[in-house]
Amino acid sequence: LDLWRAAAQKFHDPENGINIVIGPVTAYSASAELLQGAAAIRREFNLCGHIHLLETRAQAMMAKQFLPSGSAVKHLHDAGFLQIPGTTCGHCVWLSEEEQDMMAAAGGTAPR
């Protein structure tokens with residue numbers, strides 16, 4: 001979190017084409033505290049965010065088994081990361097219909 005904050009303070013300069021994006025690697029490998037801290041930094045500096053989300057069936061199963069909510073999308077939402085404008089989620093192959101609806105309602109996007 002300190003590194004992200006320092007990078008945003010030092011380098012984020014959208015007017016000159018430099019945009020810092022906060023990108024925890026995956027939802028199931030990021031703690032709620034890390035995601036909450038990342039969301040706070042994003043709000044503070046108006047940063048976009050990116051995360052890899054449920055690319056494989058194994059990741060979907062791990063999210064169900066190990067995350068308190070049982071859902072990687074809910075994990076991102078509960079931490080406040082998903083619903084910040086400018087959130088993209090890579091892959092999104094194994095989202096349930098409920099997770100797709102939650103992501104759409106939060107404004108998160110997934111590239112095709």
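What you see is a predicted model, and the numbers here were worked out from it, not measured in a lab.
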* Return yes when atom CD of Glu98 has more than 12 non-hydrogen atoms of other residues, nucleotides or ligands closer than 6.0 Å, and no otherwise. => no
* To do: For side-chain contact (heavy atoms from CB on, under 4.5 Å), just list the numbers for Trp4 and Leu34, CA-CA rounded to whole Å, side-chain angles, deciding distance to a tenth of an Å, and then say yes or no.
  => CA-CA 11 Å; Trp4 281 334; Leu34 177 71; 4.0 Å; yes
* Minimum side-chain heavy-atom gap Leu35-Pro24 below 4.5 Å -> yes
* Just wondering, do Cys89 and Met103 contact through their side chains at under 4.5 Å, heavy atoms? -> yes
* Roughly how far apart are Ser31 OG and Gln36 CD, rounded to 0.5 Å? -> 8.0 Å
* So does Asp2 have more than 12 non-hydrogen atoms from other groups sitting under 6.0 Å from CG? -> no
* Can you tell me how far CG of Leu53 sits from OG1 of Thr88, rounded to the nearest 0.5 angstrom? -> 10.5 Å
* To do: Could you state whether Leu67 and Met62 fall into the same hydrophobic cluster, counting links through intermediate Ile, Leu, Val, Met, Phe, Trp or Tyr residues with side-chain heavy atoms under 4.5 angstrom apart?
  => yes
Which atom pairs, one a donor and one an acceptor, fall under 3.5 Å between side chains of residues 75-86 and the rest of the protein, sequence neighbours left out?
residue : atom : partner : partner atom : Å
His75   : NE2  : Ala27   : O            : 3.4
His75   : NE2  : Ala30   : O            : 2.8
Asp78   : OD1  : Lys74   : NZ           : 3.1
Asp78   : OD2  : Lys74   : NZ           : 3.2
Gln83   : NE2  : His77   : O            : 3.1

* Side chain of Glu44, backbone of Ile41: donor and acceptor closer than 3.5 Å? -> no
* Trace of the side-chain contact (heavy atoms from CB on, under 4.5 Å) decision for Phe45 with Arg5 -> CA-CA 9 Å; Phe45 294 97; Arg5 182 177 306 286; 3.9 Å; yes
* Asked: If you look at every heavy atom in Pro14 and Asn19, which pair is closest and at what distance?
  -> CB-OD1, 3.4 Å
* Are the side chain of Gln65 and the backbone of Met61 linked by a donor-acceptor contact shorter than 3.5 Å? -> no
* Point-to-point distance, once rounded to the nearest 0.5 Å, from CZ of Phe66 to CD of Gln59 -> 13.0 Å
* Asked: Is the backbone N or O of Thr26 less than 3.5 Å from a side-chain atom of His52, with the two atoms forming a donor-acceptor pair by type?
  -> no
* Say you draw a straight line from CG of Leu95 to OG of Ser71; how long is it, rounded to the nearest 0.5 Å? -> 7.5 Å
* To do: With side-chain contact (heavy atoms from CB on, under 4.5 Å) as the test, would you mind laying out the steps for Thr56 and Val93 before giving the verdict?
  => CA-CA 7 Å; Thr56 67; Val93 177; over 6 Å; no
* Asked: At what distance, to the nearest 0.5 angstrom, does CD1 of Ile51 lie from NE2 of His91?
  -> 11.0 Å
* Does Ile18 reach the side chain of His12, with side-chain heavy atoms less than 4.5 Å apart? -> no
* Straight-line distance of Arg42 CZ to Ile22 CD1, nearest 0.5 Å -> 8.0 Å
* Structure fact -> For Ala72 and Leu54 the tightest heavy-atom approach is CB-CD2, 3.9 Å
